[in-house]
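Atoms within each ligand, like the ligands themselves, are counted from 1 in listed order. Source: prediction; values computed, not measured.
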Amino acid sequence: MCGIVAVIGSRDAAPLLLEGLKRLEYRGYDSAGIATLELSSKAATGVLTCKKANGKLANLMNLVEQESAPGHLGIGHTRWATHGKPEERNAHPHMDSSGGLAVVQNGIIENHITLRKGLQEKGIQFVSETDTEVIPHLISQELNLLKSNGQEASGSLLLEAVRRVSLKLKGAYALAVIWKETPEALVVARRQAPLLIGLGEGEFLCASDTPALAGVTRTILPMEDGETALLTPLGIELYDHRGQRQQRSPSLLHGQEDVVSKRHFRHFMLKEIYEQSETARLWVDRHLPLGLPEQAPVAFPFEDSFYEGIERIQILACGTSRHAALVGAYLLEQFAGIPTSVFYASEFRYAAPPLAPNLLTIGVTQSGETADTLAALSMEAQRREAYGDPAFISRQLGITNRPESSIARQVPNIINICAGIEVGVAATKTFLGQLLAFYGLALSFASRRNSCSTKEIISLTNELRALPNQLSVLIDKHDQMASTLAPLFLDTQNVIFLGRGINYPIALEGALKLKEISYIHAEGYPAGEMKHGPIALLERRVPVIAIATPGVVFEKVLSNVQEAKARDAQLIGVIPKEFAKEVFDIVMPIPEVSEWISPLLSVVPMQLLSYHIAANRGLDIDQPRNLAKSVTVE
Ligand code: F6R
C-alpha cells in the first residue's frame, strides 16, 4: 500500500506534494513525509530538506507550514506500515548515510534482511526498521562506485545507479529518488506496484494513483512493469528493465478520476453509499438500453468469440470483491448454468486446483492493484501457457473500477464498472458496480446458452432497469432508519449476520463492513450453519441480522432465525416489509423483488447500519485503523 508522489517543475514542490498526498491518504495514513531539493546559489549541489511526521497527514502539513521545505523538486510518501511500527523514524523518505539522497517506496523488498546485513557488514548504520532503508544506501554505494570510475554526477548517473540497484531488489515496489548532487533530476521506478507520470504545464508529477494529479494534469503516462524513468525540466526518459529507451505517447484521463470531494456529506463513505443509485443508473444506460434484441439482452463490449466454448469459470478476488464474486458465482451457476468456483486470490497463488479445460478466469478488484489478485491471475496464465494444450489456453477477464490500473494491462478483457473514484476505505459503490458486472455477465451467458427462458431473462432485465430508482428511495429511507438504530449498538461487541443462497455473500459483506469501520466483532454465516456451532455464541447481547427475501430459501431462513430467537438474541430482519415481520424485533425493510436481484438491495441496510454505528461511536470512518484502500503488498 502506501502512496508516493514526486514532482519536478517550476512551482514550489512542497504544496504540490502535500496536496497529492492528501488525495492518496486512502492508501495509508500511519505516517507521512516529504523531501525537497533546492538549487543553491553558493554550491553546485542542492540543499535537501526532509520533513516527516507520525500519524495522519495533517501532522506533516502543520510541520511543513511551521518549518518550510523549499525547492522545486521533491518526493512524498504516505505510509501503511509493513516493516516497522508507525513511528517517525520509520516514516519515508529514507536517506543514505550522507543525508544527500532520499527515497520513497511503496511495496515490499523481500530480500531486505540479506541486503541490510551486507550493508551493516560494510559499516552502514540503519535508523529505521523498514525494508526501504536499504535502497538509499545501495544507491549511494552504486553512485560512489560509478563516480570512482571517473563519471560525473548527472541525472543519467542517478538513473544508472537506480537501475543497478533494482536488479538487486526482490519483491514488488514503486520508488522515487532525489539526490542533492543532481538538483534537476528525479528518478522513478516500478516493479509490480503502480506508478504513473503526469505531464503538467512546465512540470511533471509522478504518483501511485490518478487522484494525486487532480488539478495539475489529465495527461498521463502510466509506467509499465520494470520501467525506470528520469524526469528533468527538459523531459522524460523512459527505460525498460534491460535499459532500452522506450517511446510511448501519453494518454488522457477519462471520467471523474480527479473528482475527490465529500460534497455536503460528513464522510466519503456516506457519499459513496448515496452514489450507488447513480452507479446503477449509468450501468443500466450503458448496458441495458431499451430495444436490445432478446437473444442479446446486454450491451457488453465482447465479441461472440469471447463466450465461445467456455464450460466453467473460476473467480479470484479478495475481501469485498470476493463477496461480489460469490454473488456472481451464484448467478453464473444458477441463472446461466455454468459451473463456477470462487477462490481467495491469496490462497489460489499457493494451492491452485488442477487445470481444467475451457475455463474462463475472472479477476475482481476495484483498485486493479491488489497484489494477491494480480499475482494469482498471472500465475494462472503462466501455468496454462506452459501446459501448451489449446483446450487449456488462458482466457482471462478483469472486473475493475480503474481501467488505467495494472489489471487492465495484465488481462486481455476488462469490464470497467465505472463507479467513479471511491475514497472511503470501506468499499460500497464499487461493490455494487462489481455485482452489476456479474448480472451483465450472467445475462450474456444465459441468453447464449439458453439456460433459462426468454421470459426469465426479460424479467431480470426489467428488474435491473428499475434498480436505480429503488436504490435512491431505499438509501434515503435507511440512512434515517440506521441513524436511529445506531445508538442501540453502543455497547455491542459481537454481531451475527445470516443469509442463505444468493444473500449469503451479503451476510459476509455486512459483517465485513461492520468489522472494518466500527471494530465490532462480526461474522456472517449461511443461516443453516448456525446450529452446527455458531449458535453457541447467541445470547441477549448478541444481535442477529438476518436477510430473508421471498424465494427458494425464504422459509428456511425464517426457521433458522427462530432458532436464534429461542436463544434470546435480538433479531433484526432485512426483509420485504409485509413479510414475517412478527418474527423480528426490528425490521429494516427492502422492496419486494425477485430473489435474483435482492442482493443489490439487501446490501444497502448493511452498509448504512455499519456506517451509522461507526459514526455514532465517533470513529474515523473513511480511514479505519490498520486498513488501506489499495493492498499492493502480498
Ligand atoms: C472492504 C475492502 C477490502 C477490499 C480488498 C480487495 O471494504 O475494501 O476488503 O475489497 O482489499 O480490494 P480490491 O477490490 O481493490 O482488489
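- Taking CE from Met606 and NE2 from His478, the interatomic distance works out to 10.0 Å, rounded to the nearest 0.5 Å.
- Contact check for Val5 versus Val104: no side-chain heavy atoms found under the 4.5 Å cut-off.
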Name each N or O atom in ligand 1 that is under 3.5 Å from a protein N or O, and give the partner atom and the distance.
| from | atom 1 | to | atom 2 | distance (Å) |
| --- | --- | --- | --- | --- |
| ligand 1 | 7 (O) | Thr320 | OG1 | 3.3 |
| ligand 1 | 7 (O) | Ala427 | N | 2.9 |
| ligand 1 | 7 (O) | Lys513 | NZ | 3.0 |
| ligand 1 | 7 (O) | Glu516 | OE1 | 2.8 |
| ligand 1 | 7 (O) | Glu516 | OE2 | 2.9 |
| ligand 1 | 8 (O) | Val425 | O | 3.4 |
| ligand 1 | 9 (O) | Thr320 | N | 3.2 |
| ligand 1 | 10 (O) | Thr320 | N | 3.0 |
| ligand 1 | 12 (O) | Thr370 | OG1 | 3.4 |
| ligand 1 | 14 (O) | Ser321 | OG | 2.5 |
| ligand 1 | 14 (O) | Gln366 | N | 2.8 |
| ligand 1 | 15 (O) | Thr365 | OG1 | 3.3 |
| ligand 1 | 15 (O) | Gln366 | NE2 | 3.1 |
| ligand 1 | 15 (O) | Ser367 | N | 3.0 |
| ligand 1 | 15 (O) | Ser367 | OG | 2.6 |
| ligand 1 | 15 (O) | Thr370 | OG1 | 3.3 |
| ligand 1 | 16 (O) | Thr365 | OG1 | 2.7 |
| ligand 1 | 16 (O) | Thr370 | OG1 | 2.4 |

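- Counting heavy atoms of neighbouring residues, nucleotides and ligands inside a 6.0 Å radius, atom CD of Glu129 exceeds 12 of them.
- The shortest side-chain heavy-atom distance between Phe497 and Ile506 does not fall under the 4.5 Å cut-off.
- With contacts defined as side-chain heavy-atom distances shorter than 4.5 Å, the pair Thr400/Asn416 does not qualify.
- Salt-bridge check for Arg190 with Asp225: passed, with a basic side-chain N closer than 4.0 Å to an acidic carboxylate O.
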